[in-house]
Q: 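This is the structure I have questions about; it appears just below.
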Amino acid sequence: SNPLSPLLADPHTMLQWPQAAWRDSAREVFAWDRFPGIVIFDTANYLIQDLYFKRLAFFVEKAGYRGTLVSDSDMQGKHGFNAHDYRAESLAQFFEKARRENFQLNREELELRDILLAEGIIQHGSDGYTEGSGAVLSLSRQSAEYLRYLFMTHECFHGLYFTDPDFRSQVSQIYHATDERARIFLQTYFSLMDSLSYDLDDEYLMENEFMAYLLQQPVDKVGDYFTGVISERFLRYGGDSEQADYIKESGARDFIEAATELEAYVFRRWGLAAGRAGLWFSK
């Protein structure tokens, strides 16, 4: 009955949870039933999601803003993300910086803080806010249904990356074994897209996003995704044609091979698959 207490559910159940049954009309808060330290927000729209997570997006991942508490006016007109993921360490750093600088957070951010404290994802003691264990993810009902499944899968694998050291190690091995031309192509894409603006100097972030972009769809769709959608956006936003040609001419072979290895690992460990973070399916 407490709207601040996450409901345990499978990720696919969360996606189909009736919005009319939400305990708060603005958002519902879940926790992954198999990994309850991973808390997942589903929000009614992007505006509400931004109130909870947009400032965090700039603080944690945006090039030129990392480590900075950005004011509402400075964020005006700038894009956060359509889905979000943050580890315990980054969350603690965000709230601790706000405490030390007496920065006025909004009501939703304070509610987020209280939920994270209650779930042990962050902790508060004599030294201020420190990391606990777990992660928080978010997506919105404003996204189209097919995107909600893609975003949920993408974000859930981020959650596992944040919380499982062995998975991080496996991702790192596969990332560094992947042809440098493919890695540079993807990093360039991250920097070109205004909607992303990832900090390319953050190796942790680069490996994490590499993994999630490969596992967010089934392996048999990876080739078309990178030779089609990603390459087209890459060129439209001014990417080097030679880099795009390599991906197209190779049929995105490097990404397919890496995705195949990653899927074998997550299926062996958890019974999950590329394009699927949930185990529950409706009829």
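Nothing here was measured: the structure is a model prediction, and the numbers come from that model.
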Q: Any side-chain heavy-atom pair from Tyr149 and Arg276 closer than 4.5 angstrom?
A: no

Q: Check the pair Arg113 / Glu108 against salt bridge (charged side-chain N to carboxylate O under 4.0 Å, His left out), numbers first and verdict last.
A: CA-CA 9 Å; Arg113 180 199 63 188; Glu108 288 76 14; over 6 Å; no

Q: Under 4.0 Å between a side-chain nitrogen and a carboxylate oxygen: does that hold for Arg148 and Asp42?
A: yes

Q: Taking the side chain from Arg233 and the backbone from Met193, do they hold a donor-acceptor pair closer than 3.5 Å?
A: no

Q: In Å and rounded to the nearest 0.5 Å, what is the CZ to CG distance from Phe255 to Asp179?
A: 9.5 Å

Q: State, with a plain yes or no, whether a side-chain heavy atom of Val136 is found less than 4.5 Å away from one of Leu112.
A: yes

Q: For residues 56-66, please give each side-chain donor-acceptor pair under 3.5 Å, one per line with the distance, not counting sequence neighbours.
A:
{"residue": "Lys62", "atom": "NZ", "partner": "His79", "partner atom": "O", "Å": "3.2"}
{"residue": "Lys62", "atom": "NZ", "partner": "Gly80", "partner atom": "O", "Å": "3.1"}
{"residue": "Lys62", "atom": "NZ", "partner": "Ser195", "partner atom": "O", "Å": "3.4"}
{"residue": "Lys62", "atom": "NZ", "partner": "Leu196", "partner atom": "O", "Å": "3.2"}
{"residue": "Arg66", "atom": "NE", "partner": "Val60", "partner atom": "O", "Å": "3.2"}
{"residue": "Arg66", "atom": "NH1", "partner": "Asp199", "partner atom": "OD2", "Å": "3.0"}
{"residue": "Arg66", "atom": "NH2", "partner": "Asp202", "partner atom": "OD2", "Å": "3.4"}

Q: Are any non-hydrogen side-chain atoms of Tyr129 and Leu116 less than 4.5 angstrom apart?
A: no

Q: What's the shortest heavy-atom distance between Phe151 and Ser143, and which atoms?
A: CE1-OG, 3.5 Å

Q: Is a salt bridge present between Lys97 and Glu101, judged by a nitrogen-to-oxygen distance below 4.0 Å?
A: yes

Q: Checking the side chain of Ser169 only, and the main-chain atoms of Pro165 only, is there a donor and an acceptor separated by less than 3.5 Å?
A: no

Q: Quick one: do Arg87 and Tyr204 satisfy side chain to side chain contact (heavy atoms under 4.5 Å, CB included)? Show the steps, please.
A: CA-CA 11 Å; Arg87 55 177 165 162; Tyr204 183 99; 3.4 Å; yes

Q: Should the pair Asp166-Arg269 be classified as a salt bridge under the 4.0 Å nitrogen-to-oxygen rule?
A: yes

Q: Run Asp72 and Arg55 through salt bridge (charged side-chain N to carboxylate O under 4.0 Å, His left out) and show every step you take.
A: CA-CA 8 Å; Asp72 291 346; Arg55 202 181 330 269; 3.0 Å; yes

Q: First locate atom CD of Glu207, then atom CD of Glu203, and finally report the distance between them rounded to the nearest 0.5 Å.
A: 5.0 Å

Q: Quick check for you: to the nearest 0.5 Å, what is the distance between Leu139 atom CG and Thr43 atom OG1?
A: 7.0 Å

Q: Do you know which two heavy atoms are closest between Pro36 and Leu8, and how far apart they sit?
A: CB-CD2, 3.9 Å

Q: Testing the 3.5 Å rule here: is there a donor-acceptor pair between the side chains of Ser140 and Gln49?
A: no

Q: I need the minimum non-hydrogen distance between Phe234 and Asp240, along with the two atoms involved.
A: CE2-O, 3.2 Å

Q: Hey, is the main chain of Ile184 close enough, under 3.5 Å, to the side chain of Thr188 for a donor-acceptor pair?
A: yes

Q: Would the distance check show the side chain of Thr13 and the main-chain N or O of Ala9 forming a donor-acceptor pair, the cut-off being under 3.5 Å?
A: no

Q: What residue among Phe157, Phe167, Trp32 forms ring pair (Phe, Tyr, Trp, His ring centres under 6.0 Å) with Trp270?
A: Phe167

Q: Would you say the side chains of Tyr175 and Asn208 form a donor-acceptor pair under 3.5 Å?
A: no

Q: Quick check on Arg107: does its CZ atom have over 12 non-hydrogen neighbours (other residues, nucleotides or ligands) under 6.0 Å away?
A: no

Q: Write down the atom of His176, the atom of Arg183, and the distance for their closest heavy-atom approach.
A: O-NH2, 4.1 Å

Q: Any Lys/Arg nitrogen of Arg99 or Glu96 sitting under 4.0 Å from an Asp/Glu carboxylate oxygen of the other?
A: yes

Q: Can you tell me how far CD1 of Ile230 sits from CG of Leu186, rounded to the nearest 0.5 angstrom?
A: 7.5 Å

Q: Among Phe81, Phe94, Phe41, which residue satisfies the ring pair (Phe, Tyr, Trp, His ring centres under 6.0 Å) criterion with Phe53?
A: Phe41

Q: What's the spacing between Glu155 CD and Asn82 CG if we round to 0.5 Å?
A: 10.0 Å

Q: How long is the gap from CZ on Phe30 to CD on Glu28, to the nearest 0.5 Å?
A: 5.0 Å

Q: For residues Gln187 and Tyr198, is any side-chain donor paired with an opposing acceptor at under 3.5 Å?
A: no

Q: Compare all side-chain heavy atoms of Leu262 with those of Ile174 and state whether any distance is below 4.5 angstrom.
A: yes

